[in-house]
Each structure stands twice: as structure tokens, then as C-alpha cells.
Amino acid sequence: MSCTFCTWPWFEGEGLSVRAENRTKSWTKLKSMVHWSPLAFTLKSRSSWVQLAGHAGNFQAKEGGRLLKRYCECEQQCLNKLMTDSLRPYVPGYYGVVQKDEQDYNLMDDLLVGFDSPSIMDCKMGSRTYLEEELMKAREHPRLRKDMYEKMVSVDPGAPTEEERAQQGVLKPRYMQWRETLSSTATLGFRIEGIKKADGTCNTNFKKTKQREQVMKALDDFVDGNVQILKLYLKRLEELHSVLEKSHFFKTHEVVGSSLLFVHDASGKASVWMIDFGKMVPLPSPMMLDHRTPWVEGNREDGYLWGMDNLIDILSSMLPQTPCDVDRNSEEA
Ligand SMILES: O=P(O)(O)O[C@H]1[C@H](O)[C@@H](OP(=O)(O)O)[C@H](OP(=O)(O)O)[C@@H](OP(=O)(O)O)[C@H]1O
Ligand SMILES: Nc1ncnc2c1ncn2[C@@H]1O[C@H](COP(=O)(O)OP(=O)(O)O)[C@@H](O)[C@H]1O
């Protein structure tokens, strides 16, 4: 599927003021919408910034290789803490809260800077995509979501129950769970949200990409079969994996809806970063997560590392086998 390239973000160098006021996020999410900076064609130092997933209108590209993301207190607090954590090299640099037209934003690095016509992939990590607190809220104050009902019907007209059909609405956790089981979130602990390739093609139609083989096919297409790029991604993921395993910050946070952003270009450069910390919530002390134990309500587990184990395993299996591997495998058989 090709995407609509729309809403060119403006650039700004002046007039931003720092604010500490808290705002919550409440705006519409539009999928299949890509925001692309046209100035990138004329100004080499800037990236051709692209928004692959997430809420429309959430970002604005700024001069100097930075992005404004609509303010979210949870994200601000996480980014602040991450700036002094061992995870710092794996997240965008963060520069505080700025205000523009009475709206607060978190100011962060544009990770596409330094890449030339990059290929980009957003993988949403974890086996659960809604917070436990959202589940409780939906129980206490059930709110039927017509927009989610419509999104559901557009993918699978047979998905809503009779009751949901009569109400023309679904509860948010029900929609999120349905999305999890439809995609690879429930079976592999991650799902591809979107891919934009260097040739300009863009696909955000991965809602039904569920089986390991389907995921492999999408990943292979993303790297155009380039083994060197695959190796670089794998190396970076293995490093991140080992830092996550040791990070106290990671152990003490429920991580939901966070993505890994993969970026590479034709020069052979490739890297991966963690993005989207809007639902990275601190746990009550002394609670800790291993991010692998299957979720049951109350244990707050999110399956992030389980997903990463699977992603690393899939990428490894896509590498051509060396003669040593072939010998080892035939001995095992
Ligand atoms: O991907 P589709 O099927 O469109 O569903 C979206 C994503 O799950 C969003 O998560 P993310 O932002 O991580 O992509 C989520 O935003 P939240 O992060 O707010 O849960 C949206 O909830 P609403 O914003 O409530 O519509 C939900 O409608
Ligand atoms: N720091 C960044 N650098 C470059 N691109 C980014 C960065 N953060 C987000 N993006 C782009 O924006 C998209 C949505 O980001 P995300 O933080 O998940 O938004 P939301 O909170 O609205 O879900 C990502 O898929 C990616 O394409």
C-alpha cells in the first residue's frame, strides 16, 4: 500500500520558551499518514523527516536536526531519566520542554539526521499495548469508542460481537487486544507498524502480519536482502538487549506502546533506537519486571524482552548460514 505524504511540518529557530506546565495528550491518531519535510531536498544537513506511525499532528520538525513532540508528562519524565541512564545511546537526545503557540512540546533529536534518503521501520515492542491502568479505567468508566469500532470493521467486518454491532462501539482494551491477536504482538511480542523505503514506497498495512514467515518477508523486503545491513541491525539489537537486561530503569518500568525505530541508507549505515515513552510507567517500589513472564492482570509484565528475543532470533535466522553453521546443524540432525 502506498501512503499519502502530507502536512509538511514547519521549521522554527526562534521564539520557543521553556515551560514546566503539565499537559496531557488528547488528539486524533491518523494511521497511513506520512509527514515529510520538503526542505530536506535543499538543505543537506536536515533529514527528510518522516512520521511513520503514531498520532497525526503530534510532531513538528525544527531546524538543527531536532523534533518537537506534543507534550506528554510521562514521556518527559522518562526522557529526563534516560538522559543519565545506560540506555542513553539508544534513545533520542532530549532537550526539555518548549512552548510554541501556547502548546508545550518535548524537544528531542531527529534520529534520521545523518542518513541520506533513509529506509525506516517502526516496530512496536511488547505483547501488551495498553496499560493496566487503562484496563481499570475502562472497567470503572466504560466508554464506547465508535472510531475504534469503525477501524475494526474496516479491517474485518466480522470482528465485532453482536453487542458491539448493536452499540456501534467497542471499549479501548477490547480494540487493543483484537489488534494484538490479529498481528504478531500476541504471538511474537512485537509488530511492524510501518516501513518507508528509500525509493519512497511506504507501507503501514501490517495489521494482519502475524506469522513468523510473514514478518521475515517484510523484514527482508525492508533491507532489500542486504546481509550487511541485517548484520548491523542485529549487532545493535544485541547490544541494546544486553543493556536492557542490566538497566535498573528498565526493570522498574512497565513499557507499553514503545517502538524500535530502524534506520538505514544506501551508504551502508544502519542503526536502531527506542522511541515513544508516553506509556513507560514507573512501578511501585520494590516491584520489578523481567519483561518476559506472560502477562496476567496485576503482574504488569509487558513482554518487551520476549519480543526482542524473538526479533533477534528472526533476524539471525535470516542471515545466510556459514559452512560451520551448516556442519553444526547436520551434526545436530
Ligand atoms: O494503531 P491503531 O489501530 O490505529 O490504534 C491506535 C494505537 O494503538 C495507538 O498507540 P500508539 O500511539 O502507540 O501507536 C493508540 O494510542 P495511545 O498511545 O494513546 O494508546 C490509539 O489509541 P487512542 O489514542 O486512544 O485512539 C489507538 O487507536
Ligand atoms: N526521535 C525521532 N526521530 C525520528 N523520527 C521519529 C522520532 N520519534 C518519532 N519519530 C517518527 O514518528 C513516528 C511516531 O512516533 P511516536 O513517538 O510513536 O508517536 P506517538 O506517540 O504519536 O505514537 C515514528 O514511527 C517515527 O516515524
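The analysis underlying the following values was restricted to heavy atoms, covering all of them including side chains, and did not include hydrogens, waters or symmetry mates. Each ligand, and each atom within it, is numbered from 1 in the order the structure gives.
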Test item, L261 contacting ligand 2 (heavy atom, 4.0 angstrom)
yes
Atoms of ligand 2, numbered as shown, that sit under 4.0 Å from any heavy atom of N58
20 (P), 21 (O), 22 (O)
Mind checking whether F59 and W49 have ring centres under 6.0 Å apart?
yes
Got a donor-acceptor contact below 3.5 angstrom from the E134 side chain to the L131 backbone?
yes
Within the 4.0 Å heavy-atom shell around M108, which atoms of ligand 2 are there?
1 (N)
Is E75 paired with K69 through a side-chain N to carboxylate O contact shorter than 4.0 Å?
yes
Taking only non-hydrogen atoms of G257 and a 4.0 Å limit, the atoms of ligand 1 in range are 13 (O)
Does any N or O of ligand 1 fall below 3.5 Å from an N or O anywhere on K207, backbone included?
no
Going by heavy-atom distance to atom 2 (P) of ligand 1, choose the closest among R143, K151, K124.
K151
What atoms of ligand 1 come closer than 4.0 angstrom to any heavy atom of K279?
17 (P), 18 (O), 20 (O)
State whether a side-chain donor-acceptor pair under 3.5 Å links Q77 with E73.
yes
Heavy-atom contacts with D122 under 4.0 Å: which atoms of ligand 2 show up? List them by number with element.
24 (C), 25 (O)
Please determine if L111 has a nitrogen or oxygen closer than 3.5 Å to a nitrogen or oxygen of ligand 2.
yes
Measure the acute angle between the ring planes of H291 and F250, then classify it against the limits of 30° and 60° as parallel, tilted or perpendicular.
parallel
Heavy-atom donor-acceptor pair, S119 side chain to A198 backbone, under 3.5 Å
yes
Ligand-side contact atoms (ligand 1) for residue partner R179, heavy atom cut-off under 4.0 Å:
1 (O), 2 (P), 3 (O)
Below 4.0 Å from any atom of ligand 2, is there a heavy atom belonging to W49?
yes
With a cutoff of 4.0 Å, is K69 in contact with ligand 2, counting heavy atoms of the residue only?
yes
Could you check whether R292 pairs with E301 (Lys NZ or Arg NE/NH1/NH2 to Asp/Glu carboxylate O, under 4.0 Å)?
no
Side-chain heavy atoms of S86 within contact of S247, under 4.5 Å:
yes
Is any NZ, NE, NH1 or NH2 atom of the basic residue among R139 and E297 found under 4.0 Å from an Asp or Glu carboxylate oxygen of the other?
yes
Presence of salt bridge, D276 and K124, under 4.0 angstrom:
no
Any side-chain heavy atom of E239 within less than 4.5 Å of one from L244?
no
Interatomic spacing from CG in D221 to CD1 in I195 - rounded to 0.5 Å:
6.5 Å
So the atoms of ligand 2 within less than 4.0 Å of a heavy atom of D110 turn out to be 3 (N), 4 (C)
Atoms of ligand 2 under 4.0 Å from any heavy atom of V50, numbered from 1 in the order shown, are 11 (C), 27 (O)
Ligand 2 atoms in contact with G54 (distance to a heavy atom under 4.0 Å):
19 (O), 20 (P), 22 (O), 23 (O)
Going by the atom numbers of ligand 2, which of them fall below 4.0 Å from some non-hydrogen atom of D109?
1 (N), 2 (C), 3 (N)
Given that the side chain starts at C-beta and the backbone is N, CA, C, O, which of these parts of Y175 lies under 4.0 Å from ligand 1, counting heavy atoms, or is it both or neither?
side chain
At less than 4.0 angstrom from any non-hydrogen atom of K172, what atoms of ligand 1 do you find?
17 (P), 19 (O), 20 (O), 22 (O), 23 (P), 25 (O)
What part of P92, side chain from CB on, backbone N/CA/C/O, both or neither, has a heavy atom under 4.0 Å from ligand 2?
side chain
Sub-3.5 Å N/O-N/O distance, D276 and ligand 2
yes
